[in-house]
**Student:** 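The structure under discussion is supplied below as structure tokens; questions concerning it will follow.
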Amino acid sequence: MNSTKDDRLVGRSVPRREDPRLLTGRGRFVDDIELPGMLHAQFVRSTVAHGVITAVDLTDVCRVPGVVAVFTASDLEMGDITAQLGRPLSEFVPTAMPVLARDRVRYVGEPIAVVVARDPYTAEDGLEAAKVTYEALPPITGEEQALAAGAALVHDEAAHNTLVDVSLFATEGIDDVFDNAPCVVHVETRTGRQNALPLETRGAVAHWDDREEQLVLHTCTQVPHQVRTVASRCLRLDERAVRVIVPDMGGGFGLKCAVGREEIATAAAARRLGRPVKWIEDRKDALSASFLAREQHYTARAAFDADGRILGLDADVVCDMGAYSCYPFTAGIEPLMASAEMPGVYKVPAYRVRGRAITTNKAPTAPYRGVSRPQYVMVAERLMERAARELGLDPLEIRRRNVITEFPYTGVNGITYDPGSYLESLNLCEQALKEAGWYERQAAARAEGRHIGIGYSCFSERTGYGSAAFAARKMEVVPGFDFSEVRMDTSGAVTVTTGTMSHGQSHETTMAQIVADALGVDLAKVKLHQGDTDRITYGWGSFASRSIVVGGSAVGLAAAKLGDKLRAIAAAEWGISPEGTALDQGRVRRLDDPDTTLTYAHLADTAYLKAHLLPKDIEPGLTATAVFDVFNDGTFSNATHGVVVELHQGTGQVEILAYVCVEDCGVAINPQVVEGQCRGGIAQGIAGALFEQVTYDDQGEPSATSFMDYKVPTAHEIPDVSIHHLETPCAFTETGAKGAGEGGTIGAPAAVLNAVNDALRPTGVELDNTPITPETVHRALTPAAPVPPAPALEQTP
Amino acid sequence: MNDTSGLGDDLQLLTLDVNGTSHEVITAPRRTLVDVLRHDLRLTGTHVGCEHGICGACTVLVDGLPVRACLMFAAQAEGARIATVESLADAGSKADSGSDSRSDSGELNDLQRAFTENHGLQCGFCTPGFLMLAEGFLAERPEATKEEIREVVAANLCRCTGYQTIVEAIDACATARRAQRAACSEETP
């Protein structure tokens with residue numbers, strides 16, 4: 001029984017509890033940790049994309065003053081990191097990722113040895129003295145090269161350089177559907193390789209604690225317990241003998257939910273040396289040698305009837321996963337996500353898909369905010385636009401005819417969607433741009449020869465992935481549930497744990513809002529613990545927009561259980577049944593006599609300090625634990641994004657003039673936090689649509705290794721975003737919330753691409769790839785100019 | 001094991017004026033200002049995001065102007081007044097600023113309050129850089145328009161917020177400061 005409705009904190013934009021320390025420089029990030037006697041690590045990294053290591057000469061490294069040690073794989077003897085899917089070898093080929101490369105290197109930047117020195121400058125001096133020689137192998141730098149007959153193999157065990165090859169759906173008779181459809185449209189899209197690029201690079205500080213007989217590893221990870229598992233296995237320690245602590249984290253966006261090799265090597269070096277060792281990744285390594293994401297190639301077609309209703313969808317998805325399969329998600333994460341979810345918000349009666357993960361000699365990939373959804377939404381939305389053009393329909397009208405409007409709806413992909421506001425969001429988004437006069441302004445601009453376009457994307461995103469959903473993908477390591485403990489101390493103050501891990505999403509505030517409501521206490525009374533494997537029994541960390549959906553539900557459940565215990569203790573004191581009591585603002589109240597109350601402080605005093613007063617069936621102390629899992633197909637947040645762009649004739653620049661987002665994440669625990677997630681996500685989506693790309697030359701050498709080459713958008717490029725909320729509460733989460741972390745990133749690329757194409761309409765050119773570079777736009781806007789005559793050679797006397 | 005050797009090479013003694021306190025540091029000439037602030041003086045509020053002067057997470061004020069502390073050697077800052085994010089909160093206990101013992105650092109200043117009120121931060125890693133950039137800029141241009149603020153904010157990178165709320169926070173602070181000055185000048189003609 002919760003406190004009275006009016007003063008509920010859930011649903012209110014209460015100020016963030018994280019802010020005071022972060023605003024005053026008192027946050028503590030990994031690089032802020034300093035331990036007595038601490039040494040500093042840097043990694044000797046491969047300079048070739050593909051090769052056999054023939055010699056590693058580190059004698060000069062040891063001669064550099066201040067270098068303390070240098071270790072290779074054979075010195076540290078660590079187990080490999082091997083991500084697994086429970087699929088037959090025809091569908092998934094497991095490949096080992098050694099913590100340090102042993103005999104072979106597979107990408108530029110692959111760690112080969114770790115140099116430990118008295119300070120980071122000296123460690124870098126050490127790197128320069130390392131001599132590694134290689135016997136070069138032909139580098140595989142792209143998916144087509146990887147799949148070509150006779151291509152060199154990145155992993156000998158993976159024929160055709162294929163790690164994953166799954167055909168999850170193939171509706172019977174789908175070929176007939178396409179053969180007989182009045183309208184069939186095609187699209188081929190490629191999306192650039194990107195870097196999730198948290199502002200805080202990766203890093204770790206490790207030391208061996210003799211008293212606790214424990215390796216303590218401070219690292220910035222979204223999945224502390226999974227890092228513990230890998231560290232314990234690689235270092236051959238009991239899990240109990242590893243403690244992973246995550247301090248404040250400067251962003252993650254998915255990149256920090258794959259277990260990295262460097263943090264494990266740092267831990268191993270600290271164990272070996274018996275001294276604390278710190279490794280902080282520099283930006284060059286972060287851009288070239290940490291996990292990347294997104295490089296995908298889709299070939300798809302869709303069949304429509306004459307009224308614009310979709311009849312079938314047929315797609316081939318190829319993902320360039322780079323050199324290694326990431327732990328715990330594997331190289332299957334992208335093709336499996338795309339395959340399972342591609343029908344999205346549309347009623348697709350027939351569906352066929354093949355999804356492949358290809359290995360190449362580029363830095364490995366990890367999940368990045370959205371995970372394949374930005375790409376397949378782009379494909380679906382391009383197909384809708386193309387069919388609308390072909391059939392002479394309004395681009396929004398064709399979507400209206402196809403979006404799911406009745407719930408629950410079970411799709412051709414076997415997924416049951418929980419209720420959402422697909423049609424409503426579409427209508428509201430169009431209305432917002434209409435009311436702002438953008439359609440008139442576009443018409444007027446076109447008359448002046450300016451190129452203004454309006455584009456939309458409509459999508460849902462599954463966010464409540466429980467164990468069942470991950471098990472359905474046959475992950476060998478199956479994430480899903482989450483655990484929480486809520487305890488009240490003798491002063492009536494509340495501590496709550498979550499197995500999720502905030503990297504900027506405001507968990508300390510939002511989780512506390514849930515607990516404060518469930519118990520009827522002030523927000524200030526609630527303190528959240530996250531990111532410490534010794535303090536938190538277990539957890540799956542933060543990814544897939546799961547924190548509030550799963551972690552928040554566990555927190556809410558545990559708090560409700562603690563509330564029940566408080567009521568039971570009060571009821572015992574009154575000699576009545578607990579049903580005759582209610583929680584009310586820091587007190588338990590008698591329902592039959594509302595003036596009679598007992599404060600939590602009084603009940604806590606009884607529970608801990610006068611336990612002899614408790615009846616036999618009530619355990620002393622005030623703790624409650626809960627586990628929450630999602631046993632059905634999950635929650636589905638949804639949104640429509642609408643964007644107005646102008647293309648500049650001379651420069652090919654795409655300027656965003658307006659951006660509207662209509663989002664529905666069920667009950668918003670803290671609307672300001674949800675808006676922050678939307679805006680930040682949209683900025684990253686725009687970055688992928690227009691700016692960011694990790695490029696390689698034909699030798700596999702990365703060519704965007706600094707912010708001079710890798711264009712991260714600034715306040716110049718990212719527009720103000722107007723956000724409208726719809727609320728379709730989720731029936732099976734504790735709070736009615738659905739996830740809100742990834743939607744912005746998912747919706748933006750498709751909307752921007754459609755807007756650019758709308759602006760290009762008079763030219764007849766259509767673009768399907770991202771990033772949309774100024775060069776592409778300029779070429780589209782500039783009709784083929786006659787080739788100028790060669791200048792006459794100047795006559796020399 | 002020679003981790004103490006080489007320490008004597010080439011060291012220099014610097015005197016740095018940071019947040020109004022004079023600090024003596026023995027350091028190598030190649031050490032950057034941000035590393036000396038963070039690791040020698042333990043003022044870890046200033047962050048390192050790229051080490052090549054683009055992201056701005058390391059922005060501090062040097063003689064009142066925003067500077068990338070990763071692009072400057074500590075030795076170059078000798079004789080200048082350096083201000084870090086730790087100087088902004090109205091010091092509840094000023095004596096402690098800059099020391100290892102972090103006691104309550106008092107009330108947020110108006111710019112910091114504007115950031116929290118406008119949700120101008122999420123992970124908070126870039127935040128000190130934006131705060132110092134804004135402090136320096138508003139001191140120089142108190143009349144700055146929102147568009148000018150956006151222009152300046154584009155000097156630093158943020159990966160969480162989409163920038164809108166950072167611009168709004170700085171604009172709100174500038175507007176409030178102007179209103180306060182106007183009120184003061186009315187009171188004292």
Side-chain angles (χ1 to χ4, degrees), chain A residues 13 15-16 18-20 22-29 31-32 34 39 65-69 117-118 120-122 197-201 248-251 253 280 282-283 503-506 672-673 675-684 706-708 712 714-721 744, chain B residues 1-7 9 28 30-31 35 38-39 42-52 54-55 57 84-86 88-89 102 105-106 108 112-113 115-117 119 121-128 131 150-167:
Chain A
S13 295
R16 293 208 322 163
E18 293 87 343
D19 285 356
L22 295 173
L23 284 163
T24 51
R26 288 178 297 140
R28 188 175 57 194
F29 297 86
D31 189 38
D32 301 342
E34 198 103 350
L39 300 169
V67 167
V68 176
R118 65 157 193 256
Y121 291 65
T122 311
L197 211 125
L199 248 279
E200 181 203 30
T201 57
D248 285 320
M249 201 179 348
F253 314 116
I280 301 297
D282 69 13
R283 187 55 67 181
H503 34 106
Q505 306 96 317
S506 323
Q672 189 168 257
V673 167
E675 290 186 11
Q677 291 290 306
C678 286
R679 291 199 172 97
I682 286 168
Q684 289 188 334
S706 80
F707 284 143
M708 302 297 281
V712 180
T714 70
H716 263 309
E717 290 82 27
I718 301 302
D720 283 355
V721 175
Chain B
M1 289 283 183
N2 52 354
D3 62 318
T4 50
S5 69
L7 257 184
D9 299 349
R30 64 175 174 172
R31 239 167 126 70
D35 281 349
R38 286 179 49 74
H39 300 297
R42 299 297 298 142
L43 292 166
T44 54
T46 306
H47 296 145
V48 179
C50 73
E51 294 179 282
H52 54 274
I54 308 282
C55 80
T84 69
V85 68
E86 285 87 351
L88 294 185
R102 289 175 172 165
S105 75
L108 300 180
Q112 291 164 316
R113 282 200 307 276
F115 264 68
T116 188
E117 283 159 9
H119 195 35
L121 67 157
Q122 288 179 28
C123 80
F125 191 80
C126 69
T127 309
L131 288 169
R150 180 173 283 278
E151 178 94 16
V152 165
V153 161
N156 284 18
L157 296 180
C158 167
R159 201 59 174 167
C160 293
T161 61
Y163 302 107
Q164 180 174 344
T165 52
I166 295 178
V167 174

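Since this is a predicted model, take the numbers as computed values, not measurements. Here is the naming used below: chain letters follow the sequence lines, and residue numbers restart at 1 for every chain.
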**Student:** Tell me, for A:E18 versus chain B, whether the close heavy atoms (under 4.5 Å) come from the side chain, the backbone, both or neither.
**Tutor:** neither

**Student:** Which of the residues B:C158, B:P128, B:C160 is involved in the greatest number of heavy-atom pairs with chain A at under 4.5 angstrom?
**Tutor:** B:C160

**Student:** Sort B:R38 into side chain, backbone, both or neither according to what part of it lies under 4.5 angstrom from a heavy atom of chain A.
**Tutor:** side chain

**Student:** Relative to chain B, which of A:P15, A:A683, A:A715 shows the most heavy atom pairs under 4.5 Å?
**Tutor:** A:A715

**Student:** Measure the shortest side-chain to side-chain distance between B:H119 and A:E675 over non-hydrogen atoms and say whether it is less than 4.5 angstrom.
**Tutor:** no

**Student:** Do A:V712 and A:F707 have side-chain heavy atoms sitting under 4.5 Å apart?
**Tutor:** yes

**Student:** Please determine, among B:A155, B:C126, B:G162, B:C123, the option with the most heavy-atom pairs under 4.5 Å with chain A.
**Tutor:** B:C123

**Student:** Pick from B:V167, B:I54, B:I166: which one has the most heavy-atom pairs with chain A under 4.5 Å?
**Tutor:** B:I54

**Student:** Chain A heavy atoms under 4.5 Å from B:Q112: which part of the residue, side chain, backbone, both or neither?
**Tutor:** both

**Student:** Identify which part of B:F125 has an atom lying under 4.5 Å from any heavy atom of chain A, answering side chain, backbone, both or neither.
**Tutor:** both

**Student:** Determine the minimum heavy-atom distance between A:V721 and B:Q164, stating which atoms define it.
**Tutor:** N-OE1, 2.6 Å

**Student:** For a 4.5 angstrom cut-off between non-hydrogen side-chain atoms, does B:Q122 reach A:Q677?
**Tutor:** yes

**Student:** For residues A:D31 and B:H47, determine if any side-chain heavy atom of one lies less than 4.5 Å from a side-chain heavy atom of the other.
**Tutor:** no

**Student:** If you define the side chain from C-beta out and look only at heavy atoms, does anything of B:Y163 sit under 4.5 Å from B:N156?
**Tutor:** no

**Student:** Side chain, backbone, both or neither: which part of B:T127 has a non-hydrogen atom closer than 4.5 Å to chain A?
**Tutor:** side chain

**Student:** Show the nearest heavy-atom pair for residues B:A154 and A:H716, with the distance to one decimal.
**Tutor:** CB-CD2, 3.4 Å

**Student:** Output the option from A:S13, A:G676, A:C678 having the highest count of non-hydrogen pairs under 4.5 Å with chain B.
**Tutor:** A:G676

**Student:** Under a 4.5 Å heavy-atom cut-off, does chain A meet the side chain of B:R113, its backbone, both or neither?
**Tutor:** neither

**Student:** Sort B:L131 into side chain, backbone, both or neither according to what part of it lies under 4.5 angstrom from a heavy atom of chain A.
**Tutor:** side chain

**Student:** Let's test your reading of the structure: which of A:S506, A:G680, A:G681, A:P719 forms the most heavy-atom pairs below 4.5 Å with chain B?
**Tutor:** A:G680

**Student:** Side chains of B:R150 and A:D720, heavy atoms from C-beta outward: is any pair under 4.5 Å?
**Tutor:** yes

**Student:** For residues A:G27 and A:L22, report the shortest heavy-atom separation together with the two atoms involved.
**Tutor:** CA-CD2, 4.1 Å

**Student:** If you define the side chain from C-beta out and look only at heavy atoms, does anything of A:E34 sit under 4.5 Å from B:H39?
**Tutor:** yes

**Student:** Less than 4.5 Å to any heavy atom of chain B: does that hold for the side chain of A:I682, its backbone, both, or neither?
**Tutor:** neither

**Student:** Out of A:T122, A:V673, A:T201, return the one with the most heavy atom pairs under 4.5 angstrom to chain B.
**Tutor:** A:V673

